[in-house]
2 protein chains.
Amino acid sequence: MPKPGPRLRLVDVAERAGVSLATASRALAGRDGVSEEVADRVRQVSRELGYVANPFARTLAGGASTTVGLVVHQVDDPYFSEIAGGVIQLADQQNLLVQICHSGRDPDHELRQIRHLIAQRVGIIIIAGSGYSDPRLEAEAKAELGAYQQAGGRVAVIGRHSLGADAVLPDNEAGGLALGSHLLQLGHTRIAVVAGTEALTTVADRLAGVAAALHGHGLSLAGLPVVHTDFIREGGREAAERILRDHPDTTAIIALNDAMAMGVLSVLRERRIPVPGRMSVVGFDDVSVAADLAPALTTVRLPMTDMGRMALELALKPRAARSRRRSTGHRLIVRDSTAAPGHLPPYSPHS
Amino acid sequence: MPKPGPRLRLVDVAERAGVSLATASRALAGRDGVSEEVADRVRQVSRELGYVANPFARTLAGGASTTVGLVVHQVDDPYFSEIAGGVIQLADQQNLLVQICHSGRDPDHELRQIRHLIAQRVGIIIIAGSGYSDPRLEAEAKAELGAYQQAGGRVAVIGRHSLGADAVLPDNEAGGLALGSHLLQLGHTRIAVVAGTEALTTVADRLAGVAAALHGHGLSLAGLPVVHTDFIREGGREAAERILRDHPDTTAIIALNDAMAMGVLSVLRERRIPVPGRMSVVGFDDVSVAADLAPALTTVRLPMTDMGRMALELALKPRAARSRRRSTGHRLIVRDSTAAPGHLPPYSPHS
DNA sequence: ATAGATTGCGAAAGCGCTTTCGTAAGCGCT
DNA sequence: AGCGCTTACGAAAGCGCTTTCGCAATCTAT
C-alpha cells in the first residue's frame, strides 16, 4: 500500500499568515481566543493556499471526527442504497464524509465492521438493516456500541431496536397487516408467505403483522406455507419454486421485501403464470424500481431516503438521556400485481 | 461531533509482552528484525487483549493506509452500486476498508471529493463513472491526481480515460454499435436517441457507436432526434415525452443507459403505448433489474461487478511506468422490449 | 495610580503509531 | 584473543494536528 506524500500543513498556513500554529488552529476551528482580524487573515490565507486539514492528525490529536460510518447489509441492494442516499444527502450538507461498510448479512462480519469503525474513531455510526434474533450477537454489538457511546460516540440505527441507541423505526408490523388485509379483502385465502431469513427481527415483525391480518379474518399463519430463505432476490426465486411445487393451489404470495418479490415475479414470468390473473404478488419497501416491474408491484412504501436522513439527524443531535425513537410512516401502494383470485384456472405443473 | 474515548494502545500490548513499543510494532506489521519467538508472543498477547491498531495514528506516522476511496456519480444508481459491490468484494478479501463518496454528477463536487480523499491520505482512489467533457475540469482533476500518484497514491478509474491513471474501460462505442445494428436489422429507421448529459464522455462514446451503426446502413445521426437530458431515470422520462410530442412517428428509442430506459418505459406505460408492438426500447448497462422490467429490457451488458473488482486489482498492483487499460467485454442481451416495427398503427397523441 | 481580571497569542505537550538510529549480543574468521 | 559482521532489540524522533499552560498586553475596578 502506498503512502501519500508531502502536503500543505497547518504550519505553512500559520507562517504565511504570520501567526503561530496554535492560533492558526484556533482560527480555522472557530474557537475563540483569537481576534476577528487575525482569524480573518488566517482564513483568507488558508483559502488562498487551498489548505485542507489532515483529518488523521486532527482526529489523533483529539479533534472532532468528521466522518460517519454507515453499516449496511448489502450495498447493492436498492433498499440500502436508497437509505445511503439519504444519509449522504444530509452528510454532504453538513460537510461530513460518509464511509459505507457492508456486512453481507452476516452478524459476525457486521460486528467486525462496527469494531473497525470504532477503531477508526469515526464520530458517528449508523447501522442500517434488520437486527439478528441471535441474542448473543446482539448483546455483543450492544456492549461494544455502549462503550463507544459512553466515550462520546454517536450511534443511530435504522429498522432495529435492540442496540440501545437512537432508532428510526418503520412500523413493520402495521405494514405486514396492511399487506395481509389487502389480499384478504380481495378474497384470497390460499396465501403463501416468502419470509426471508428467520434470524432477522424485521422478518419476524412483518410476519407478525401478516398473522394479525389473518387472525382478523379468522385464519391463522400456521395453516399457510411460510418459506424462509435468503432476504434477497435469489431467495425469492427459491421460495417461489418451492411454493409452486408444494402448494400449487396458492393464489397469492406475500414477499416480505421487494427484492424477494422481484425474485418471485421472475419465476412466475418464466413459468408463464399470469400475475395478477392467476397469482397475486406483494412486496414490502417500495424500492424505486417496484413501479417499473412487470407488473408494477403492490407493496408497502417505506421512506428509505428519509429514514437515512432522519438517522443522521438523530445522531447529530445532542445525546439524550435515554434513546429516542422516531417511527416512519408507511403506506400501502396498490399497483398491478394484485387482483381478486380466480380469474383464471389454477396453475398445474403438468399442463 | 463527539470524540471517542480511551482505548487499548500498542504500548499496552508491548508492556504485557515484555518488549518495547518498537518491537511490538514490528512484530505486528510482520517486519523483520524480530525473532520468531518474540513475534509470536506479541501476536499472542495482541490477540488475547483484542488489540486493534488506531488507523489514524498509523497513517499519520507514515504507515500504509488501508482504506480505499471510491468516488461514484450517484450511490443509489444501480450501475454504481453494482460497481461498488465489486470493489467491496475484493476489498473485504484484502482487508481493506472502502469509503464511498458520491459526486452527484457534478464535476466540481467530484473534484472536491477527490481533494478530500487525498487529504484523508487514503492509499487508493477509484473513480467510477463517465468523465466530463469540460477539459478544464478534467485537467484540474488530472493534475491533482497526478501529484497524488507522484506521492505514491494509487488511482484507478472506471469508464473514463482522461485522468492519466490505470483504467477499466467498457467499449462504449462497440456497445452503441451493437444496439444500433440490432434495431436497424429489425427494420427500424425512425429511431430516436435518449442521450443523457452532453457533458459526459460516455454519452459521446456510445453515441458515436450508434452513429457508426447508422452509417453502415446509409443513415446518419444528424437526421434523427437526439435528446440530451439528465443521465438518470427522470431524464429518460423527459426525453421520452419530448420525443413523443415532436416525433410521433418514431418506432424505436435508444436510451444510452438503463436508468433512462426505465424512465422511457414508464412514460410509454402511462400512455399505454405497447412495447415492443408500437415502440421498441433499448438500454445500456444491463443493471440487474433490467431483466425484471415490463417488458424485460433489451440492452448491452457490462460486467459492473467485475469492473469494480478489476479496478481495485489494477490499483493494487505495483504501479507501471505508463497507465494500463483493461477493457471489459460487452454483450447485446436481446429481451422483450424490441421487435420489428409496424406491428401496430403509429401512436397518435389525440387518439 | 495599582491590583486584579481579561484578552490574544505563542510555546510546548501530547494523540498512537512507524521508523531511523544506535547498541549490545552473538557469530565466524584470522 | 581480536576483528568485523550480522542480528535482535530499545530509545527517541517525528507524522500534523488540538489543546493546555503561561505570559504579555490591555482593560476594569478601586
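Chain naming here is simple, since letters A, B, ... match the order of the sequence lines and numbering starts at 1 in each.
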ask   = Going through the distances and angles, do A:D92 and B:H102 end up as a side-chain contact (heavy atoms from CB on, under 4.5 Å)?
value = CA-CA 9 Å; A:D92 268 2; B:H102 93 155; 3.5 Å; yes
inquiry  = Whether the side chain of B:R26 and the base of D:dG10 hold a donor-acceptor pair under 3.5 Å is what I'd like checked.
reply    = yes
For [X] and [N], what is the distance between atoms [atom1] and [atom2] respectively, to the nearest whole Å?
X: A:R9; N: D:dG14; atom1: CZ; atom2: P; result: 12 Å
X: B:L8; N: C:dC15; atom1: CG; atom2: P; result: 15 Å
X: B:D32; N: D:dT6; atom1: CG; atom2: P; result: 14 Å
X: A:D12; N: D:dG16; atom1: CG; atom2: C1'; result: 10 Å
X: B:D40; N: D:dA8; atom1: CG; atom2: C1'; result: 15 Å
X: A:E37; N: D:dA25; atom1: CD; atom2: P; result: 17 Å

remark   = On DNA chain C, more 5' by nearest nucleotide between A:S20 and B:L10 is A:S20
Closest approach to the side chain of [X], judged atom by atom: which nucleotide of [options] is it?
X: B:L21; options: C:dA11, D:dT18, C:dT18; result: C:dT18
X: A:V34; options: C:dA11, C:dC9, C:dG16; result: C:dC9
X: B:R58; options: C:dC17, D:dA12, C:dG10; result: C:dC17
X: B:V19; options: D:dG10, C:dG10, D:dC17; result: D:dG10
X: B:S25; options: D:dC9, C:dT18, C:dG16; result: C:dT18
X: B:T23; options: D:dC17, D:dC9, C:dC17; result: D:dC9
X: A:A22; options: D:dG10, C:dA12, D:dC17; result: C:dA12
X: A:A57; options: C:dC17, C:dC9, D:dG16; result: D:dG16

key: Presence of A:Y51 side-chain N/O under 4.0 Å of D:dC17 phosphate oxygens OP1/OP2   = yes
task = Using a cut-off of strictly less than 4.0 Å, decide whether A:S35 has a side-chain nitrogen or oxygen near OP1 or OP2 of C:dT7.
result = no
query = Would B:E48 and B:Q44 count as having a side-chain donor-acceptor pair, cut-off 3.5 Å?
reply = yes
With a 4.0 Å cut-off on N to O distance, would you call [X] and [Y] a salt bridge?
X: B:E313; Y: B:R309; answer: yes
X: B:E140; Y: B:R136; answer: yes
X: A:R105; Y: A:E110; answer: no

query = Considering every strand shown, what is the Watson-Crick or G-U wobble mate of C:dA24 when both distances are under 3.5 Å?
reply = D:dT7
message = Applying a 4.0 Å non-hydrogen cut-off, can you work out what B:R31 is touching in the nucleic acid: base, sugar-phosphate, or nothing?
response = sugar-phosphate
